[in-house]
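See below for the structure under consideration.
Along the sequence shown, residues are numbered consecutively beginning with 1. Just so it is clear, the model here is predicted, and its values are computed rather than measured. Values reported hereafter were calculated over all heavy atoms of this structure, with side chains retained and with hydrogens, waters and symmetry mates removed.
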Amino acid sequence: MTCRRRPGPEGAPRASPAQPGDSGDSRVPAAQAVAEEEEDEEEEEAPGPWESERPGKGSPGSGAEPDASGGRGVQEPPSSAGEQEEEEEEEEEEEEEGSCCSEEGEDSSNVYLYYTLGERWIDYLQRTGDRGLLRHLRPKMKRKSENGPDGRALSPGKKLCKGSEYGRTLGPCTPSPTTTFGDLRNAKAGQARRRRIPSVAPPPELQDWLRTFQRWSGPEKLLALDELIDRCEPAQIKYMMQVIEPQFQRDFISLLPKELALYVLSFLEPRDLLRAAQTCRYWRVLAEDNLLWREKCREEGIEEPLHLRKRRLLSPGFMYSPWKFAFLRQHRIDMNWRSGELRPPKVLKGHDDHVITCLQFCGNRIVSGSDDNTLKVWSAVTGECVQTLVGHTGGVWSSQMRDSIVISGSTDRTLKVWNADSGECVHTLYGHTSTVRCMHLHGNRVVSGSRDATLRLWDIETGQCLHVLMGHVAAVRCVQYDGNKVVSGAYDYTVKVWDPESESCTHTLQGHTNRVYSLQFDGTHIVSGSLDTSIRVWDVESGNCLHTLMGHQSLTSGMELRDNILVSGNADSTVKIWDIKTGQCLQTLQGPSKHQSAVTCLQFSSKFVVTSSDDGTVKLWDLKTGEFVRNLVALESGGSGGVVWRIRASNTKLVCAVGSRNGTEETKLLVLDFDVDLK
């Protein structure tokens, strides 16, 4: 319905049409005139002018006649011709194709709803106490101009309904021809004709029935439709839904500003975002947004975008986001770990039939230490042994690596610093009086623990011993160093926290009833595993025991801690996942596919846990659900002597040190690759 200002001479109001039974008074109240015009809405052919307000409309009880300002009553001062022209231009800019509803609700409320099909705003009209109509404004939004019937450019704004003008109390307006659902349906379909029911001749009474329906008022039509729906079968209701629903489907993403559209899309999961990109061209542009995919990558722990030498064109005007490509690559890598075909591993043979006691893996370099007194440097890409580090006179039992620097500890009571590229021994660190059993490297400093019950802090660049930490009364079995504090676990059942600069012990953590074999330290919490089957969580500042984690039945041989999630492997063949903040066991990795012997080593990522065992297998588990995924390695000699001693994993590779103690399995390294082809 289009409401326009009367362009003709202002002053005398148009008389409302008299209804049968009227008393003959032509001065009908505005609200009644509006209602009467609503009933005749279907019969009106052309829009009429706004009526001038009559006495009693603008101000109750007033007997003043409409003035020469367009019938707005005594409440408003007269407007100049220039001001009226500006207001008319504003109203023309606000017009838009739409639909409105002014039916009074069942609760007899005087609120008139206004809804536009081509915009995103909803307006409403409300009756005032004097039965006039008041428009409540909503923010305007400019859109691309369209040409009106007279050839002028019109901006599709909101079409005014029931006579309103920016918050003023107005009289009724005459209706324009009603837009039917069929008109909207045909307009949306364009040139294509709408679907008809095939092979059915229309009943002879159909047109009479439709004409009768058209003559009814709005409430009567709604009542008839309600009765008709009650008499329809489910198949007929389904057909109506199939016809009606598509007409009210809106592409709200394309209507929103780009920033808001991207904000909405940011709540989608990556899989749904990829599906949304297939909707249309504009959605594809939004779904390729680099910042959007950067956030998705960071949620998955991906810190770097993937820049290709030649950026891939999807189609003219589209290019892959580097962050999106990094996400897709990581997804394919994860799928290779979970279900991809296991390619034959690279086999790195060395150390003869000796035991591989320690294993390091960084970048494409692998370093293995053995009780044959040597370390070997391997290429993870080619599988070749590039260096053999010879110099120790006893078995190598501990090692650390950073870039091309390798540090090793031996039963010959020394530590050695090696250059992995040249194979040269840079420094030999003397000081311990027994086997160097453990060490931890941070920056240019390394802390070593020995069976002589002491710890030493070394500078690996100069080879000097900086500090000696004494206090344990038995062999030191495990050590952690974060550059500020040193934490050590020993066979004297205690865990000690040290200030290395002052060489003082700040806390002695007592509670274990047997030897401490494993240790983790994140700067705030200390986690210790013992032969007494328990795992204890300590506060490093206060030295208090926060939680005692019970559930394992034997020695906790290996642990890994990240973001308050602890994964522990035990000689009882089980692996448990803990939340150290609450002390709860989240998952126990067991069941029909669990290990059949002691767990020897483990590592975990944001999605998976990888475990190795004396049973000769390496297993993959889902971190969140605790479900067994599959075996990554299963030695033929497993169960009869074949052992997986150590494992180290990166994002795309898994290195396993395997062998046996009875000669049934040759000592070697297996390298499994889960990377994806970037073609």
Side-chain angles (χ1 to χ4, degrees), residues 303-304 306 329 333 336-337 343-352 354-392 395-410 415-429 436 438-446 448 458 460-461 481 560 601-605 610 612 618 632-633 644-659 667-676 678:
E303 298 297 336
E304 293 294 332
L306 184 61
R329 177 178 178 269
I333 290 171
N336 279 350
W337 279 91
R343 291 170 277 189
K346 288 184 176 66
V347 179
L348 287 55
K349 294 184 179 180
H351 300 295
D352 298 327
H354 291 269
V355 175
I356 296 177
T357 57
C358 51
L359 182 65
Q360 301 296 324
F361 178 32
C362 181
N364 288 320
R365 183 180 285 117
I366 303 168
V367 177
S368 58
S370 171
D371 62 359
D372 65 358
N373 304 351
T374 68
L375 298 99
K376 289 185 179 291
V377 182
W378 311 82
S379 169
V381 177
T382 65
E384 296 178 354
C385 178
V386 295
Q387 296 291 343
T388 299
L389 310 181
V390 179
H392 281 297
V396 177
W397 282 91
S398 58
S399 66
Q400 291 278 276
M401 179 173 64
R402 189 199 68 211
D403 299 329
S404 61
I405 300 297
V406 177
I407 303 102
S408 58
S410 169
L415 289 85
K416 288 185 180 289
V417 181
W418 310 84
N419 185 316
D421 292 330
S422 64
E424 175 190 3
C425 178
V426 180
H427 299 292
T428 299
L429 312 180
V436 180
C438 56
M439 65 175 66
H440 195 271
L441 175 66
H442 187 276
N444 292 325
R445 295 184 174 187
V446 64
S448 58
W458 311 83
I460 62 173
E461 290 188 343
Y481 176 48
E560 191 165 310
C601 195
L602 61 85
Q603 278 197 267
F604 78 96
S605 66
V610 184
S612 64
V618 177
L632 300 177
V633 173
V644 181
W645 287 310
R646 296 284 184 271
I647 58 171
R648 288 290 182 270
S650 69
N651 185 38
T652 59
K653 289 181 173 62
L654 172 66
V655 181
C656 310
V658 306
T667 299
K668 57 194 172 187
L669 298 176
L670 303 178
V671 182
L672 286 76
D673 192 353
F674 300 94
D675 207 349
V676 295
L678 297 180

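Across every non-hydrogen atom of Asn336 and Val676, the tightest pair is ND2-CG1, 3.4 Å. Between Tyr481 and His442, the shortest heavy-atom contact is CD2-CB, 3.7 Å. Smallest separation of non-hydrogen atoms from His351 and Ser368: NE2-OG, 2.8 Å. Contact record, Ala380 with Phe361: CB-CE1, 4.0 Å, taken as the closest heavy-atom pair. Taking each heavy atom of Val644 and Ser612 in turn, the nearest pair found is CG1-CB, 3.5 Å. His440 approaches Gln400 most closely through the heavy-atom pair CA-OE1, 3.5 Å.
Between Phe674 and Trp337, the two ring planes are parallel [angle under 30°; tilted spans 30° to 60°].
Judged by distance alone, the side chain of Arg365 and the main-chain N or O of Val377 form no donor-acceptor pair under 3.5 Å. In this structure a side-chain-to-backbone donor-acceptor pair under 3.5 Å is present from Thr357 to Gly369. For the pair Ser370 (side chain) and Val355 (backbone), a donor-acceptor distance under 3.5 Å is present. For Asp352 (side chain) and His354 (main-chain N/O), no donor-acceptor pair under 3.5 Å exists by modelled atom type. Thr667 contributes no side-chain N or O that, together with a main-chain N or O of Gly659, makes up a donor-acceptor pair within less than 3.5 Å. Between the side chain of Gln360 and the backbone N or O of Ser399, at least one donor-acceptor pair lies under 3.5 Å. With hydrogens and angles disregarded, no donor-acceptor distance shorter than 3.5 Å links the side chain of Asp673 to the backbone of Lys653. When atom types are taken as modelled, the side chain of Arg646 and the backbone of Ile356 share no donor-acceptor pair closer than 3.5 angstrom.
Between Leu375 and His392, the closest side-chain pair of non-hydrogen atoms falls below 4.5 Å. Residues Leu359 and Leu669 are in side-chain contact: their nearest non-hydrogen atoms beyond the backbone lie under 4.5 Å apart. In this structure the side chain of Val446 never reaches within 4.5 angstrom of the side chain of Val417, judged on heavy atoms. With a 4.5 Å cut-off on side-chain heavy atoms, Leu670 and Val347 count as touching. In this structure, Met439 and Leu415 have side chains that are in contact, with non-hydrogen atoms separated by less than 4.5 Å. Side-chain atoms of Ile460 and His427, non-hydrogen and from C-beta on, never get closer than 4.5 Å to each other. Annotation: side chain of Leu672 is not in contact with side chain of Arg343 (no heavy-atom distance under 4.5 Å). Annotation: side chain of Ile405 is in contact with side chain of Ile407 (closest heavy-atom distance under 4.5 Å).
Here OG of Ser650 is found 8.5 Å from CG of Leu654. Values are rounded to the nearest 0.5 Å. Annotation: the span from Ser448 atom OG to Leu429 atom CG amounts to 8.0 Å, rounded to 0.5 Å. For the atom pair Asn419 CG and Ser404 OG, the distance stands at 5.0 Å (nearest 0.5 Å). Rounding to the nearest 0.5 Å gives a distance of 11.5 Å between SG of Cys656 and CG of Leu348. Between the CZ atom in Arg648 and the SG atom in Cys358 there is a gap of 9.0 Å [rounded to 0.5 Å]. The line from NZ of Lys346 to OG1 of Thr382 is 8.0 Å long, rounded to the nearest 0.5 Å.
Evaluation of the salt bridge (Lys or Arg N to Asp or Glu O under 4.0 Å) test over residues 369-379, restricted to residues two or more places apart or in two chains, returns none.
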